[in-house]
Amino acid sequence: LSRGLGDVYKRQKMVWDEQHPREWDEVRSEAKRGGYTVHMGYLFGICVEKNAELEPSLRKFKGRVVFQGNQVYDQNHNYAIFQDLGSSLATLQAAKAVDFFGCLPNHVVEIADAEQAYIQADMKGDPTWICLPPEARPDWWRKKFPNLRRPVCRLLKALYGHPDAGTYWEQKCDAHVQAVGFTPIGPEWPSCYYHPKLSLMLTIYVDDFKLAGSKANITQGWKILRQGLHIEPEQRIAGAGAVYLGCKHIVNSVRLPTGAVVTTMTYDMEDFLKSCIERYRAVIGVQKPLRTYSTPCLLYTSPSPRDRQK
């Protein structure tokens, strides 16, 4: 895993500088002599199943190389101290406001993921050097740098796992979004924007983009966002539903008693609840089916005296 992903990241994305490896101790000694700070860390590969709680058709395995943020040292071999800038994630209220905006007449809601979001941003702060796992080191290093015992490379991009990587991505994302005409709604709703000319509303949760507005303008909205950010193809939230932050969003229409037809947004977490129940049964060793209640809301339906006794 580390070797395969390392090749993709290093050669195509230039996440770190593998062309100029150096010795770990040499970098530390040079920093001590020069009186400046460097950070020394490690990488490792992971593999996860995305949307594991959902139906099989929505699941997929994803592999990535990450920065080991809990083992980072400075030039004196003390634990590194970071800027701890923090991130301002979009709120749940903002996301639902975007959904409401997309349910207005002739409006739609679409979602998309940023492609390998963090490494779209440059690394900042104190110089950071990373030690590649042995299986991820290029073969040609052995010939060109035969005396390197503990080779390190300069980290160039904000790799996932670094304590400040999320902040660097957020800063890059925010700068571009505002540069193409989106205006922040306010400090109480961070990472939420409105485009006055296109009448589009946008919310960003790390690498998940949700854009809503006029059907006539939404394609242009994605186009200007992609002028400075790598974003995967968008997906429209419709009757079949689409998954955003692990929750299935479903758009439908209903007719009110007055005769007016309105658009509705349904949030469906049934698959997640089922996965929780299956996990619970596996842990306690129960194989037989659980009892079914007509509704979980006791305000409308109360268990029978027999069920209450059980």
Side-chain angles (χ1 to χ4, degrees), residues 1-28 38-52 59-74 79-80 82-87 89 112-145 148-173 204-209 229-232 245-246:
L1 176 65
S2 295
R3 184 179 182 86
L5 289 178
D7 290 344
V8 173
Y9 277 105
K10 290 181 295 185
R11 295 185 174 86
Q12 296 183 6
K13 303 297 182 181
M14 290 297 295
V15 180
W16 54 79
D17 181 12
E18 69 170 15
Q19 299 299 319
H20 304 93
R22 300 185 62 188
E23 183 63 49
W24 176 294
D25 291 336
E26 179 184 319
V27 173
R28 288 181 53 208
V38 294
H39 291 164
M40 317 292 291
Y42 299 89
L43 304 183
F44 63 93
I46 61 173
C47 182
V48 298
E49 184 180 14
K50 185 176 181 180
N51 297 327
R59 303 176 188 175
K60 63 178 179 180
F61 285 96
K62 298 185 70 174
R64 60 174 58 178
V65 171
V66 300
F67 184 84
Q68 189 173 348
N70 66 330
Q71 292 289 331
V72 190
Y73 305 94
D74 65 12
Y79 281 113
F82 298 96
Q83 299 180 63
D84 195 21
L85 300 172
S87 299
L89 301 177
D113 291 346
E115 178 186 350
Q116 299 173 346
Y118 282 13
I119 61 173
Q120 294 187 38
D122 292 333
M123 195 65 190
K124 302 176 184 178
D126 296 320
T128 301
W129 295 77
I130 49 94
C131 182
L132 301 183
E135 65 272 17
R137 297 169 187 171
D139 293 334
W140 59 269
W141 274 9
R142 297 189 184 94
K143 295 182 179 179
K144 190 171 183 179
F145 308 102
L148 288 180
R149 297 177 296 104
R150 199 178 183 185
V152 292
C153 301
R154 178 75 180 268
L155 187 61
L156 304 177
K157 297 293 184 178
L159 187 61
Y160 182 86
H162 189 282
D164 291 327
T167 300
Y168 298 146
W169 155 247
E170 183 180 299
Q171 291 173 346
K172 174 184 174 64
C173 188
I204 306 171
Y205 188 91
V206 188
D207 61 346
D208 292 290
F209 287 65
L229 302 172
H230 299 291
I231 302 176
E232 296 176 353
L245 300 182

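Along the sequence shown, residues carry numbers from 1. Hydrogens, waters and symmetry mates play no part in the numbers below; they use all other heavy atoms, side chains included. None of these values were measured; they are calculated from a predicted model.
Checked against ring-ring contact (aromatic ring centres under 6.0 Å, His included), Tyr42 has the following partners two or more places apart in sequence or in another chain: Trp24. In terms of the ring-ring contact (aromatic ring centres under 6.0 Å, His included) criterion, residue partners of Tyr79 (sequence neighbours excluded) are, by chain and number, Tyr73. Taking the ring-ring contact (aromatic ring centres under 6.0 Å, His included) definition, one finds that Phe67 meets it with His162, sequence neighbours left out. Judged as a side-chain contact (heavy atoms from CB on, under 4.5 Å), and not counting sequence neighbours, the contacts of Leu148 are Pro21, Glu23, Phe145, Pro151. With sequence neighbours excluded, the residues forming a side-chain contact (heavy atoms from CB on, under 4.5 Å) with Ala112 are Trp222, Ile231, Glu234, listed by chain and number. Applying the salt bridge (Lys or Arg N to Asp or Glu O under 4.0 Å) test to Glu26 and every residue at least two apart in sequence or in another chain returns Arg22. Residues satisfying the side-chain contact (heavy atoms from CB on, under 4.5 Å) criterion with Asp25, sequence neighbours excluded, are Arg28, Arg149. Every residue meeting the side-chain contact (heavy atoms from CB on, under 4.5 Å) condition with Gln19, not counting sequence neighbours, appears here in chain and number order: Asp17, Trp140. Taking Lys60 as the reference, nothing meets the salt bridge (Lys or Arg N to Asp or Glu O under 4.0 Å) condition, with sequence neighbours excluded.
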Stepwise side chain to side chain contact (heavy atoms under 4.5 Å, CB included) test for Lys157 and Asp122: CA-CA 4 Å; Lys157 297 293 184 178; Asp122 292 333; 2.7 Å; yes
Pair Gln171-Thr167, side chain to side chain contact (heavy atoms under 4.5 Å, CB included): steps then yes or no: CA-CA 6 Å; Gln171 291 173 346; Thr167 300; 3.6 Å; yes
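In this structure, Arg154 CZ and His20 NE2 are separated by 12.5 Å, a value rounded to the nearest 0.5 Å.
Of the possible donor and acceptor atoms, none in the side chain of Trp16 sits under 3.5 Å from a partner among the backbone N and O of Leu159.
Asp164 places none of its side-chain heavy atoms less than 4.5 Å from the side chain of Lys124.
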